[in-house]
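Computation of the quantities below employed the complete heavy-atom set of this structure, encompassing side-chain atoms and omitting hydrogens, waters and symmetry-equivalent molecules. If you read the sequence from its start, that first residue is 1, and numbering goes on from there. Order of appearance sets the numbers: ligands from 1, and atoms from 1 within every ligand.
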Amino acid sequence: MSIQEAATSRTALDQPADRPRVAVVTGGSRGIGRETVTRLAADGFAVVVGYAGNRDLAEASVKEVTADGGRAVAVQADVADEQQVAALFDTAESEFGGVDVVVHAAGRLYLSPVADLDLAELDAVHRTNIRGSFVVAQQTARRIRSGGAMVTFSTSVVGLAFPGYGAYSASKSAIEALTMILARELRGRDVTVNAVAPGPTATDLFLEGKDEETIARLAAQPPLERLGTPADIAEVVAFLASPAGHWVNGQVIRANGGII
Ligand SMILES: NC(=O)c1ccc[n+]([C@@H]2O[C@H](COP(=O)([O-])OP(=O)(O)OC[C@H]3O[C@@H](n4cnc5c(N)ncnc54)[C@H](OP(=O)(O)O)[C@@H]3O)[C@@H](O)[C@H]2O)c1
């Protein structure tokens, strides 16, 4: 067997070319997740759109896909609830035949100096961001098909260490650790696991509760001198989910316009 044959044999064996690819996107009702739904559908994925409570927005996301001739279905699932997340994956299998890509975009932000932290809020953020990521990772590890990709979400704040982001950044550091370890645990499965770590990106999560001066200050920080858009981040996710991105594994991709 030649070097090239050896390098490609697993992919060639494990990925039937005619099988429709299926993506589960948590947080698919809004922001980065919603943009990712549309972007992956444009690449031909059938998409399961996960959401927490905004049914109308999740259904609108589905309609956008189906209006363009794609396939999508919305499923409510609190990512921290293992039965609801299992049902989300069940739907991917029953409606579309399996799971090839999991984009775990669901998350929440809570800002407070450590001294003033409301510990109930800390628990709530960690329940969604940490427990939720483990629950989604567990279903992914059990069910994702060979040739697949999981994309989790960290934040550039893990490196930037902005004051006030302690609870949130700690939860995202946990997600980075989980991502690295899961990539190694899936050895032999031909599945990649990477984290995308956006900088400030114009979504509800970033914009809510910030005054214009704060938003302008954060937008001016990267050398590209603007906020990220959900589309900027969805492009990175689409690359990691595509065959072109399959050699990237166990990495944190800081997609932030060069903010340091
Ligand atoms: N925007 C930024 O500047 C930025 C920067 C760095 C990292 N990130 C990360 O990028 C990811 C996407 O953020 P975003 O800005 O797009 O957020 P967003 O606009 O606030 O959207 C959050 C999404 O997560 C869902 N969600 C929240 N809690 C959930 C739960 N317990 N179970 C299931 N779904 C839940 C929401 O569903 P409903 O609509 O039903 O509530 C919504 O679809 C997050 O992990 C975030 O931490 C964002």
Considering distance alone, does some N or O of [X] sit under 3.5 Å from an N or O of ligand 1?
X	answer
Gly53	yes
Phe153	no
Ile32	yes
Tyr51	no

Within the structure, is a non-hydrogen atom of [X] found at a distance of less than 4.0 Å from ligand 1?
X	value
Lys172	yes
Ala77	yes
Ala105	yes
Ser156	no

* To do: Report the residue from Asp81, Val85, Asp78, Thr140 that forms a side-chain contact (heavy atoms from CB on, under 4.5 Å) with Val135.
  =>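 The passing option is Val85.
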
* Check Val62, Val103, Val49 against Val37 for a side-chain contact (heavy atoms from CB on, under 4.5 Å) and give me the one that passes. =>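 Filter result, single survivor: Val49.
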
Protein heavy atom at shortest distance from [atom]:
atom	answer
atom 29 (C) of ligand 1	Ala52 CB, 3.6 Å
atom 37 (O) of ligand 1	Ser29 OG, 3.3 Å
atom 28 (N) of ligand 1	Thr128 CG2, 3.9 Å
atom 14 (P) of ligand 1	Thr203 OG1, 3.6 Å

* For Ser169, does its backbone N or O pair with a side-chain atom of Ser173 as donor and acceptor, under 3.5 Å? ->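 Flag set: sc Ser173 to bb Ser169 pair under 3.5 Å.
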
* Asked: Does Ala231 offer a backbone N or O that forms a donor-acceptor pair with the side chain of Glu35 under 3.5 Å?
  ->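 Not confirmed, Glu35 side chain does not pair with Ala231 backbone.
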
Heavy-atom pairs closer than 4.0 Å: do any link ligand 1 to the side chain of [X], the backbone, both, or neither?
X	result
Arg108	neither
Asp78	both
Ser154	backbone
Pro200	backbone

* Salt-bridge criterion met for Arg131 and Glu82 (N-O under 4.0 Å) ->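 Answer for the salt bridge query: yes.
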
* Asked: With no hydrogens and no angle check, do the side chains of Asn54 and Ser29 hold a donor and an acceptor under 3.5 Å apart?
  ->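 Per modelled atom types, Asn54 and Ser29 side chains form no pair under 3.5 Å.
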
* Could you state the interatomic distance from CD1 (Ile32) to CG (Leu205), rounded to the nearest 0.5 Å? ->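 Atom-to-atom, Ile32:CD1 and Leu205:CG are 7.5 Å apart.
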
* **Atom indices of ligand 1 within 4.0 angstrom of Asn54 heavy atoms, with elements** =>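 Result: 38 (P), 39 (O), 40 (O), 41 (O).
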
* With a cut-off of 4.0 Å, which atoms of ligand 1 are near a heavy atom of Gly31? ->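 Checking each atom against Gly31, I get 16 (O), 19 (O).
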
